[in-house]
Amino acid sequence: MDTFPLLVLLLSCRIEAVGAQMKLSPLALTVLRGDEARFTCSSSSKWTVMVWLLNGTATLTISKEVGVLPSVNPNVTAEKDKGDGWVFVLKSTERHNQGSVTCDLQGIERKTARLFVQEVGSVTVFGENKLAFKGQSVLFECQAAGWYPQPTLRWQVNGKTVSQAEYNISSEESGKSLFTVTSNLSVTAAKSSNVDCLASVSALTKPLNSSIRLTVVAEVVQEDDDCTVPLALTASLSALLLLILLCICTVLCYRQRRQAKASPQEAIRSLMLCPRAACPYTARVKPRCL
């Protein structure tokens, strides 16, 4: 008879334990190095102590009655969530933080999530803006250095993504587990274009971009009956016309100066050779007309 109430009590405790639900979210989180990482842990069961572990090492302890207990790690803290839940905050993530994040409700249950820390490097298209003739093949080289994990690299020409079959990609890993990706793209000069190289990882909201300008010489593009003459061709024609005008002006000036010098001599010669009736002198001064 005395064992029946005990069995009922044990059964009720078992049912309560099964019905208790512990939640840890998110179960997987990817951030960039230096960003904040946040995990929320809650339970419908009554708990006393919550312990947070990073890669198996106890990092922060929370008492339900007291709150957050002092921690030797200044980079971690916690914030109260709705109900009995708490948010574990890793203020500035580093590569060594990558791994498991565990919420342990002492004596009740524990759950583990995964933290992934990515690192953003640089992206560069080598060389300066390029000048090419129409139909000429132009080579571009791009390098994305100092990334983790290996970044995704792609090309764009005038905002249009280039097919992966049109360029090659090579990758190497340094001693710090950072990746460097190099790619070469060959473009046939058809019209002046912006050539962009973009690199990204999943945690990056917007790819990093490096751009270079390809200018096509002697290019004529016709769109809707509008003809556009490139600046190089226009400049050449303008220079030629200016040279012709300078030559004409030089010849005219030279001829004018010669006429100005020759005019007095021609006047004297005319006076000496003119008939007497044509000489404009008075009778007192009689010129000698030949």
Side-chain angles (χ1 to χ4, degrees), residues 30-35 95 116-248:
T30 302
V31 297
L32 296 176
R33 184 177 68 86
D35 287 354
R95 286 280 304 282
F116 301 93
V117 181
Q118 298 182 344
E119 191 160 350
V120 174
S122 62
V123 58
T124 306
V125 177
F126 293 113
E128 299 179 351
N129 293 336
K130 296 182 181 292
L131 193 67
F133 291 103
K134 191 171 184 179
Q136 182 180 353
S137 181
V138 185
L139 184 65
F140 297 92
E141 182 180 1
C142 176
Q143 184 182 81
W147 294 73
Y148 180 84
Q150 179 176 320
T152 300
L153 190 146
R154 56 191 174 92
W155 291 91
Q156 287 184 346
V157 177
N158 273 345
K160 296 182 178 180
T161 302
V162 179
S163 171
Q164 293 185 3
E166 298 184 27
Y167 57 88
N168 64 344
I169 291 181
S170 61
S171 175
E172 62 179 10
E173 185 178 357
S174 67
K176 297 182 180 180
S177 297
L178 295 177
F179 289 87
T180 297
V181 177
T182 305
S183 178
N184 294 304
L185 171 68
S186 180
V187 175
T188 301
K191 64 178 181 179
S192 298
S193 307
N194 288 323
V195 180
D196 302 303
C197 180
L198 301 94
S200 64
V201 288
S202 60
L204 195 61
T205 56
K206 184 179 180 181
L208 291 190
N209 177 31
S210 179
S211 181
I212 196 170
R213 180 70 179 173
L214 171 62
T215 301
V216 179
V217 180
E219 172 192 7
V220 178
V221 179
Q222 186 170 358
E223 294 180 358
D224 298 332
D225 298 331
D226 292 333
C227 293
T228 302
V229 180
L231 181 61
L233 183 59
T234 304
S236 300
L237 293 176
S238 300
L240 180 61
L241 291 175
L242 181 61
L243 182 61
I244 294 174
L245 289 176
L246 287 175
C247 292
I248 294 174

**Student:** If you define the side chain from C-beta out and look only at heavy atoms, does anything of Ser122 sit under 4.5 Å from Leu208?
**Tutor:**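 No - every pair of side-chain heavy atoms lies 4.5 Å or more apart.
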**Student:** Evaluate the criterion side-chain contact (heavy atoms from CB on, under 4.5 Å) for residue pair Leu32 and Leu204; output intermediate values, then yes/no.
**Tutor:** CA-CA 7 Å; Leu32 296 176; Leu204 195 61; 3.8 Å; yes
**Student:** Test of understanding: with salt bridge (Lys or Arg N to Asp or Glu O under 4.0 Å), list the residues that count as partners of Arg213, not counting sequence neighbours.
**Tutor:**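 Testing Arg213 for salt bridge (Lys or Arg N to Asp or Glu O under 4.0 Å), a comparison that skips the adjacent residues, returns none.
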**Student:** Any heavy-atom pair between the side chains of Val201 and Trp147 that's under 4.5 Å?
**Tutor:**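 Heavy-atom side-chain distance check passes, below 4.5 Å.
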**Student:** Glu166 and Leu185: which non-hydrogen atoms are nearest, and at how many Å?
**Tutor:**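 Nearest pair, atom of Glu166 first, then Leu185: O-CD1, 3.6 Å.
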**Student:** With side chain to side chain contact (heavy atoms under 4.5 Å, CB included) as the test, pick out the partner of Asn129 among Ile212, Asn194, Leu214.
**Tutor:**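 Only one option passes, and that is Ile212.
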**Student:** Can you name the closest pair of heavy atoms from Phe179 and Pro149 and give their distance?
**Tutor:**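 Smallest interatomic distance, heavy atoms only, reads CD1-C, 3.8 Å.
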**Student:** Check whether more than 12 heavy atoms from other residues, nucleotides or ligands sit under 6.0 Å from atom CD of Glu141, and answer yes or no.
**Tutor:**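 It does: Glu141 CD has more than 12 such atoms within range.
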**Student:** Hey, does the side chain of Asn168 reach the backbone of Asn184 with a donor-acceptor pair shorter than 3.5 angstrom?
**Tutor:**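 The answer is yes, because a donor-acceptor pair under 3.5 Å joins these two groups.
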**Student:** Please enumerate all residues that pass side chain to side chain contact (heavy atoms under 4.5 Å, CB included) together with Thr30, with sequence neighbours excluded.
**Tutor:**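 Residues passing side chain to side chain contact (heavy atoms under 4.5 Å, CB included) with Thr30: Phe116, Gln118, Ser202, Ala203.
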**Student:** Is there a side-chain contact between Lys130 and Phe140 in this structure, where contact means two heavy atoms from C-beta onward sitting under 4.5 Å apart?
**Tutor:**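 Yes, side chains in contact.
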**Student:** Looking at every non-hydrogen atom in both residues, tell me the closest pair between Tyr167 and Ser183 and how far apart they are.
**Tutor:**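 Nearest pair, atom of Tyr167 first, then Ser183: CD1-OG, 3.4 Å.
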**Student:** Locate the shortest heavy-atom distance separating Val117 from Arg95; write the atom from each residue and the value.
**Tutor:**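 Of all heavy-atom pairs spanning Val117 and Arg95, the closest is O-CD, 3.9 Å.
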**Student:** Return yes if some donor-acceptor pair links the side-chain N/O of Ser192 with the main-chain N/O of Val216 below 3.5 Å, else return no.
**Tutor:**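 Yes.
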**Student:** Looking only at heavy atoms, which two atoms of Val157 and Ser193 are closest? And how far apart?
**Tutor:**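 So the two residues come closest at CG1-CB, 3.9 Å.
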**Student:** Can you establish whether the number of heavy atoms outside Phe126 located under 6.0 Å from its atom CZ is more than 12?
**Tutor:**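 Count over threshold, so yes.
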**Student:** What's the spacing between Leu243 CG and Ile248 CD1 if we round to 0.5 Å?
**Tutor:**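 If I round to the nearest 0.5 Å, the distance is 10.0 Å.
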**Student:** Counting N and O atoms only, with roles assigned by atom type, does the side chain of Ser210 sit under 3.5 Å from a partner on the main chain of Val125, one being a donor and the other an acceptor?
**Tutor:**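 Yes, the answer is positive, given that a donor and an acceptor are paired below the 3.5 Å cut-off.
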**Student:** What are the two closest heavy atoms between Ala132 and Val138, and how far apart are they?
**Tutor:**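 So the minimum-distance heavy-atom pair works out to CB-CG2, 3.6 Å.
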**Student:** Distance from Leu198 atom CG to Arg154 atom CZ, nearest 0.5 Å?
**Tutor:**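 Those atoms lie 5.0 Å apart.
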